[in-house]
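To keep things clear, I will list the structure first and then write my remarks on it.
Atoms within each ligand, like the ligands themselves, are counted from 1 in listed order. Side chains included, hydrogens not; waters and symmetry mates left out as well; all remaining heavy atoms used.
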Amino acid sequence: MSNNLVVIGTQWGDEGKGKIVDLLTERVDVVVRFQGGHNAGHTLVIDGQKTVLHLIPSGILRDGVRCLIGNGVVLAPNALRKEMEALEASGVDVRSRLGISPACPLILPYHVALDQARETSRGKKAIGTTGRGIGPAYEDKVARRGVKVADLFDAKHLQQRIEEILDYHNFVLKNYFKCPEVDVSATVAEAMEYGEFLESMVCDVAEELHQLTKSNGKILFEGAQGMLLDVDHGTYPFVTSSNTTTGAAASGSGIGPDQLGHVLGITKAYTTRVGSGPFPTELFDAIGQEMGERGHEFGATTGRPRRCGWFDAVTMRRSAHVNGLTSLCITKLDVMDTLKEVKICVAYEYNGKQVEVAPGNAEQLEKCSPVYEKLPGWCQSTSEMDSFAALPQNAQAYLNRITELLDVEVSIVSVGPDRNETLVVRDPFSWC
Ligand code: GDP
Ligand code: IMO
Ligand code: MG
């Protein structure tokens, strides 16, 4: 196995990927984002100080580590600039450490207009997107009409591209959505200016990763979103517009799949979801509310409250298989410290039968009801614990049951938002 490590979300996002990437970055040379965009919100807490990252890889707070944005990421230069300015104001050197693939498709103002117009027109059937233009930017990429970072450096070509694209999108905005059109010359001027801002950071990400691999360096691939939001394997159509699963780490950065190494799946000790779509173990009672309050479950990007529910071993089993998980990190165990009894969904009732494999699409999942196994709670604070063995017996039993149900070993348990509030059961790099 190679030296490298993929950190991937296994549920509906917000599992705590940012915290774990930051923690493990101490041991790597490069952190690379390979899909998604600034729909992501990755939270790092270091000695009580909170930083939320959207586009910049979560390795940026570790001095000297190179951070790369691979070709699979849709890039909003204005969002990147805002994020860079905030970090630089607090003394973090970003520009000299950040590299961006010229093949990243850009998110431009018309993508945001289209995303929002489409959500409004869907009414009650809205996906609940982050409204950041993510879907339309990926659509343009696949339709072979997108503007990439590389297009920003030839003024004539750029003008021509944007004129052509806006001719099409403005027709849709005006005639289909009855929305204001997007101004062509303002968009071209904005894009030209983005070229100047980005130019010094553009680099050949695939080649850099290849060279690093040759010299035995360590790469950490940072996933965004989670398996259930994957455009192919998630709860379609209530998904994001990229592949959020492990395979995308190769295609979205330009490295061979044989170089991905260990796959660390991040999962909450319970489940949350932001936005619409099926959620079999969702709780509408006081326990769900308690999880939301104790876990501060509000979206790191949009501030929306996250829906909360019990741990779902059925969808997690599929996630383990699709992602090829080699170990698990279970986060937010401390949020469950006050519960007298905890439940794990071990199967679904679907069409009068008990099934242990999650159906592949949203309509079917909507018709599934959870079959629960009950375990006693531990009713004790876990945040101060410093090893797995120190955890209350009932908490250990809960984690062991999850391992058993998924057949994946737990390597890390997180018991608080801070970098320090982490129990390493087995070093994830020991598999590499
Ligand atoms: P990401 O998108 O996967 O990086 O996760 P987010 O940052 O969107 O959401 C995770 C939230 O949980 C953040 O507010 C983290 O600070 C917080 N968090 C992470 N791990 C833990 C943990 O073990 N316990 C608690 N209480 N909070 C945690
Ligand atoms: P991180 O990386 C949680 C959800 C949105 C919506 C759906 C589609 O922080 O885990 P989009 O704007 O991507 O077209 O929205 O996907 N979503 C996320 N939910 N965490 C995220 O990222 C998300 N990124 C997108 O809420 O339901
Ligand atoms: Mg998040």
Going by the atom numbers of ligand 2, which of them fall below 4.0 Å from some non-hydrogen atom of [X]?
X      : value
Ile127 : 27 (O)
Ala40  : 1 (P), 2 (O), 9 (O), 22 (O)
Trp12  : 3 (C), 19 (N)
Lys17  : 1 (P), 2 (O), 10 (O)
Gly275 : 27 (O)
Val239 : 7 (C), 8 (C)
Ala224 : 2 (O)

Relative to [atom], which among [options] owns the nearest non-hydrogen atom?
atom                    : options                      : result
atom 15 (O) of ligand 2 : Ile134, Val231, Thr129       : Thr129
atom 1 (P) of ligand 2  : Gln11, Arg273, Gln225, Glu15 : Gln225
atom 11 (P) of ligand 2 : Asp14, Thr240, Thr272        : Thr240
atom 7 (O) of ligand 1  : Thr272, Val413, Leu53, Thr43 : Thr43
atom 18 (C) of ligand 2 : Leu229, Val274, Asn39        : Leu229

Heavy-atom distances under 4.0 Å decide this one: backbone, side chain, both or neither, for [X] against ligand 1?
X      : answer
Asp334 : side chain
Ile266 : neither
Lys17  : both
Arg306 : side chain

Q) Looking at ligand 2, does Ser241 have a heavy atom less than 4.0 Å from it? A) no

Q: May I ask whether Arg306 has any heavy atom positioned less than 4.0 angstrom from an atom of ligand 2?
A: no

Interfacing atoms of ligand 1 (cut-off 4.0 Å, heavy-atom, [X]):
X      : result
Ser414 : 20 (N), 21 (C), 22 (C), 23 (O)
Gly416 : 20 (N), 21 (C), 22 (C), 23 (O), 24 (N), 25 (C)
Lys19  : 20 (N)
Glu15  : 3 (O), 5 (O)
His42  : 1 (P), 2 (O), 4 (O), 7 (O)

Q: Please confirm whether the backbone N or O of Val357 pairs with a side-chain atom of Arg317, one donor and one acceptor, at under 3.5 Å?
A: no

Q. Hey, is the main chain of Ile287 close enough, under 3.5 Å, to the side chain of Asp285 for a donor-acceptor pair?
A. yes

Q: Inspect the surroundings of OH in Tyr372 and state if more than 12 heavy atoms from other residues, nucleotides or ligands are less than 6.0 Å away.
A: yes

Q) In terms of heavy-atom contacts, does CD of Glu384 have more than 12 from other residues, nucleotides or ligands at under 6.0 Å? A) yes

Q: Assess the side chains of Thr331 and Lys19: does a donor N or O sit below 3.5 Å from an acceptor N or O?
A: no

Q) Is the closest side-chain donor-acceptor distance between Gln35 and Asn243 under 3.5 Å? A) no

Q: Return each pair, listed once, that meets side-chain hydrogen bond (donor to acceptor under 3.5 Å, both in side chains) where at least one residue sits in residues 74-86; pairs must be two or more places apart or across chains.
A: Arg81-Glu193

Q) If you look only at pairs with a residue in residues 54-66, which of them pass as a side-chain hydrogen bond (donor to acceptor under 3.5 Å, both in side chains), with sequence neighbours excluded? A) His54-Thr301, Ser58-Glu222, Arg66-Glu208

Q. Hey, which N, O or S atom on Asp14 ends up closest to the Mg ion (ligand 3)?
A. OD1

Report the nearest protein non-hydrogen atom to [atom]: residue, atom name, distance rounded to 0.1 Å.
atom                    : answer
atom 26 (O) of ligand 2 : Arg304 NH2, 2.9 Å
atom 6 (C) of ligand 2  : Gly128 O, 3.1 Å
atom 4 (O) of ligand 1  : Gly18 N, 2.9 Å

If I apply the N/O under 3.5 Å rule, does [X] come out as touching ligand 1?
X      : result
Lys332 : yes
Gly13  : no
Val45  : no
Gly41  : yes
Asp14  : yes

Q) N/O/S atom of Gly41 under 2.8 Å from the Mg ion (ligand 3), yes or no? A) yes

Q: Using side-chain contact (heavy atoms from CB on, under 4.5 Å) as the criterion, point out the one residue from Thr25, Leu24, Val32 that pairs with Val28.
A: Thr25

